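Notes for the one structure printed next.
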Amino acid sequence: QVQLVESGGGLVQAGGSLRLSCAASGRTFSAYAMGWFRQAPGKEREIVAAISGNGASSYYRDAVKGRFTFSRDNAKATAYLQMNSLKPEDTAVYFCAAVRGSGGIYYVAARSYDYWGQGTQVTVSS
C-alpha cells in the first residue's frame with residue numbers, strides 16, 4: 001500500500017514553469033514505478049511521463065519531451081515533475097500514480113497503475 005499526495009499546481013502564464021511534487025507514504029518508495037498523468041475536461045487521461053522504480057529509465061510523451069523532466073528522490077520518497085516552457089494546452093489536472101516495480105521497468109498505460117493521488121490543477125494562461 002502506498003498513499004500519494006500531489007502538490008505544486010497553480011496558475012502560470014504561457015512560457016512559465018511549475019514544479020509538481022508527489023509525496024509517497026506507506027511502503028518503500030523505491031519498490032514502485034511512478035507515472036504522471038493528466039486529464040483535461042472532455043479529454044481522456046493521458047500519460048505525461050513515467051519513471052522506473054530505480055530511476056534509471058523514463059518515458060515522456062512527445063508533446064512534453066524537452067520541456068518536462070520527471071525525477072525521483074527515493075530517500076525522500078518524493079517524485080517531481082519539472083515543467084518548463086508551459087503552454088495553454090498543458091492545462092489539466094495532473095495525477096501522480098504508482099505501481100509495484102523496483103527495477104528498471106516503467107509503465108505508460110493508466111491501467112497498469114494501482115495507486116493514484118488526488119490530482120493537482122495546472123492552468124496555463126495564454
Side-chain angles (χ1 to χ4, degrees):
Q1 298 290 313
V2 62
Q3 292 76 48
L4 306 173
V5 180
E6 304 99 332
S7 62
L11 175 65
V12 65
Q13 292 182 333
S17 298
L18 285 173
R19 184 178 178 87
L20 305 184
S21 297
C22 175
S25 63
R27 297 295 300 274
T28 303
F29 188 60
S30 62
Y32 293 86
M34 304 293 297
W36 283 102
F37 292 79
R38 65 187 182 187
Q39 187 167 22
K43 298 182 180 179
E44 295 184 349
R45 187 170 299 187
E46 64 183 21
I47 182 72
V48 177
I51 194 166
S52 61
N54 64 12
S57 302
S58 61
Y59 165 88
Y60 300 88
R61 71 179 303 110
D62 288 345
V64 308
K65 197 167 187 176
R67 299 189 296 122
F68 292 9
T69 302
F70 196 173
S71 63
R72 65 188 297 161
D73 187 335
N74 286 346
K76 295 182 178 179
T78 303
Y80 305 95
L81 185 67
Q82 178 67 46
M83 305 186 294
N84 298 327
S85 301
L86 282 162
K87 304 175 180 180
E89 51 262 47
D90 295 318
T91 296
V93 177
Y94 283 70
F95 298 90
C96 179
V99 63
R100 292 180 65 185
S102 60
I105 305 299
Y106 60 79
Y107 304 89
V108 300
R111 63 179 179 269
S112 295
Y113 291 88
D114 295 317
Y115 307 100
W116 295 81
Q118 82 286 356
T120 185
Q121 177 72 47
V122 172
T123 302
V124 184
S125 62
S126 60

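Numbers here are sequence positions counted from 1. Since we're looking at a predicted model, the values are computed, not measured.
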ask   = CZ of Phe68 to CZ of Arg61: how many Å apart, nearest 0.5 Å?
value = 10.5 Å
message = Side-chain heavy atoms under 4.5 Å apart, restricted to Ile/Leu/Val/Met/Phe/Trp/Tyr: what other residues fall into the cluster of Val108, or is it alone?
response = Phe37, Ile47, Tyr59, Val93, Phe95, Val99, Ile105, Tyr106, Tyr107, Tyr113, Trp116
remark   = Taking every heavy atom of Ala40 against every heavy atom of Ala92, the minimum-distance pair comes out as N-CB, 3.9 Å
message = Which heavy atom of Val2 sits nearest to which heavy atom of Ala98, and what is that distance?
response = CG1-CB, 4.2 Å
task = Quickly, which of Leu18, Val124, Thr69 forms a side chain to side chain contact (heavy atoms under 4.5 Å, CB included) with Met83? Name it, please.
result = Leu18
message = As an exercise, state the distance from CD of Gln39 to CD of Glu46, rounded to the nearest 0.5 Å.
response = 9.0 Å
ask   = Other hydrophobic cluster members with Leu11, side-chain heavy atoms of Ile/Leu/Val/Met/Phe/Trp/Tyr under 4.5 Å, chained?
value = none
ask   = Which residues satisfy the side-chain contact (heavy atoms from CB on, under 4.5 Å) test with Ala109, sequence neighbours excluded?
value = Arg111, Ser112
Heavy-atom closest pair, residues Ala79 and Trp36 = O-CZ2, 4.1 Å
query = Is Leu4 reachable from Leu20 through a run of hydrophobic residues whose side-chain heavy atoms are each under 4.5 Å from the next?
reply = yes
key: Under 3.5 Å donor-acceptor, Ser57 side chain and Gly104 backbone   = yes
Minimal non-hydrogen separation, Thr78 against Lys76, with atom names = OG1-O, 3.0 Å
request  = Output all residues satisfying side-chain contact (heavy atoms from CB on, under 4.5 Å) with Lys65, sequence neighbours left out; order by chain, then residue number.
outcome  = Tyr60
inquiry  = Going by side-chain contact (heavy atoms from CB on, under 4.5 Å), name the residues that satisfy it together with Gln1, two or more places apart in sequence or in a different chain.
reply    = Gln3, Tyr115
request  = Would you please name every residue forming a side chain to side chain donor-acceptor pair (under 3.5 Å) with Ser17, sequence neighbours left out?
outcome  = Asn84
message = For residues Tyr80 and Val64: do they belong to one hydrophobic cluster (side chain heavy atoms under 4.5 Å, members Ile, Leu, Val, Met, Phe, Trp, Tyr)?
response = no
ask   = Which residues satisfy the side chain to side chain donor-acceptor pair (under 3.5 Å) test with Thr123, sequence neighbours excluded?
value = Gln121
key: Minimum side-chain heavy-atom gap Tyr32-Ile51 below 4.5 Å   = no
message = Heavy-atom count check: over 12 atoms from other residues, nucleotides or ligands less than 6.0 Å from Arg100 CZ?
response = no
query = Would you call Val122 and Arg38 a side-chain contact if the rule is heavy atoms closer than 4.5 Å?
reply = no
task = Not counting sequence neighbours, list each pair that qualifies as a disulfide bond (SG atoms under 2.5 Å apart) and has a residue in residues 7-43.
result = Cys22-Cys96
Donor-acceptor contact present, side-chain Gln13 to main-chain Ser125, <3.5 Å = no
ask   = Which residues satisfy the side chain to side chain donor-acceptor pair (under 3.5 Å) test with Ser52, sequence neighbours excluded?
value = Asn54
Partners passing side-chain contact (heavy atoms from CB on, under 4.5 Å) against Ser7 (at least two apart in sequence or in another chain) = Ser21
ask   = Is there any disulfide bond (SG atoms under 2.5 Å apart) pair reaching into residues 29-87, and which pairs are they, with sequence neighbours excluded?
value = none
key: Non-neighbouring partners of Asn74 that pass side chain to side chain donor-acceptor pair (under 3.5 Å), sequence neighbours left out   = Arg72
Closest approach of Gln118 to Val5 (non-hydrogen atoms, all atoms of both residues) = OE1-CA, 3.5 Å
